[in-house]
Amino acid sequence: VFSSRTDWRIRAISASNLHLRVNHIYVNSEDLRETGYTYIVPKNLLKKFIMISDLRTQICGYMYGVSPPEHPQVKEIRCIVMPPQWGN
């Protein structure tokens, strides 16, 4: 729901700058734990996922990948499947 007639302009400008945020993604080493899974996402998939998103709308995708035999807690993402999404 838009709050005003000109709200779409602000959203469009903000969404057009999302691809620039991909270049500045960092992982804080304090957030890493030995007990959970570690996901490795290729930059091209991450960039595409961010570029199709919106600042106010949640999107989802099914991630498919593999684990190397020597590291079962590491998941290498190979593809993201985007189902059709409807919003209101």
Side-chain angles (χ1 to χ4, degrees):
V1 174
F2 296 115
S3 60
S4 70
R5 288 184 174 199
T6 58
D7 188 43
W8 66 269
R9 289 184 184 138
I10 296 168
R11 273 180 87 176
I13 291 169
S14 298
S16 67
N17 293 327
L18 281 177
H19 72 281
L20 298 174
R21 294 184 185 188
V22 175
N23 298 329
H24 304 290
I25 293 178
Y26 301 101
V27 177
N28 190 357
S29 61
E30 296 171 0
D31 295 338
L32 299 177
R33 289 174 277 162
E34 294 292 325
T35 58
Y37 289 114
T38 301
Y39 296 96
I40 299 173
V41 182
K43 192 168 184 175
N44 63 339
L45 288 179
L46 185 63
K47 188 173 184 177
K48 183 61 77 173
F49 198 69
I50 290 174
M51 287 177 64
I52 63 171
S53 64
D54 192 340
L55 292 174
R56 292 189 189 172
T57 307
Q58 293 182 355
I59 60 171
C60 75
Y62 295 105
M63 298 188 295
Y64 293 95
V66 296
S67 292
E70 62 274 3
H71 299 291
Q73 294 297 103
V74 175
K75 306 295 182 188
E76 296 177 357
I77 304 303
R78 298 287 172 95
C79 71
I80 300 176
V81 177
M82 300 290 298
Q85 299 178 29
W86 297 82
N88 50 354

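In this text the structure is predicted, and so the values were computed from the model without any measurement. Heavy atoms only: backbone and side chains are in, while hydrogens, waters and symmetry mates are out. Heads up: numbering here begins at 1 and tracks the sequence.
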> Check C60 against P83 and note the closest heavy-atom contact, atom names and distance.
O-CD, 3.9 Å

> Determine the minimum heavy-atom distance between I77 and Y39, stating which atoms define it.
CD1-CD2, 4.0 Å

> How far apart are the closest heavy atoms of G36 and Q73, and which atoms are they?
O-NE2, 3.4 Å

> Grouping I, L, V, M, F, W and Y whenever their side-chain heavy atoms are under 4.5 Å apart, do Y37 and I80 come out in a common cluster?
yes

> Return yes if some donor-acceptor pair links the side-chain N/O of S67 with the main-chain N/O of K75 below 3.5 Å, else return no.
no

> Quick check: closest heavy atoms across P68 and V74, and the distance to 0.1 Å?
CD-O, 3.5 Å

> Starting from V41, can I reach Y64 by hopping between I/L/V/M/F/W/Y residues whose side chains sit under 4.5 Å apart?
no

> Hey, what do you get for CG (L45) to CD1 (I40), rounding to the nearest 0.5 Å?
13.0 Å

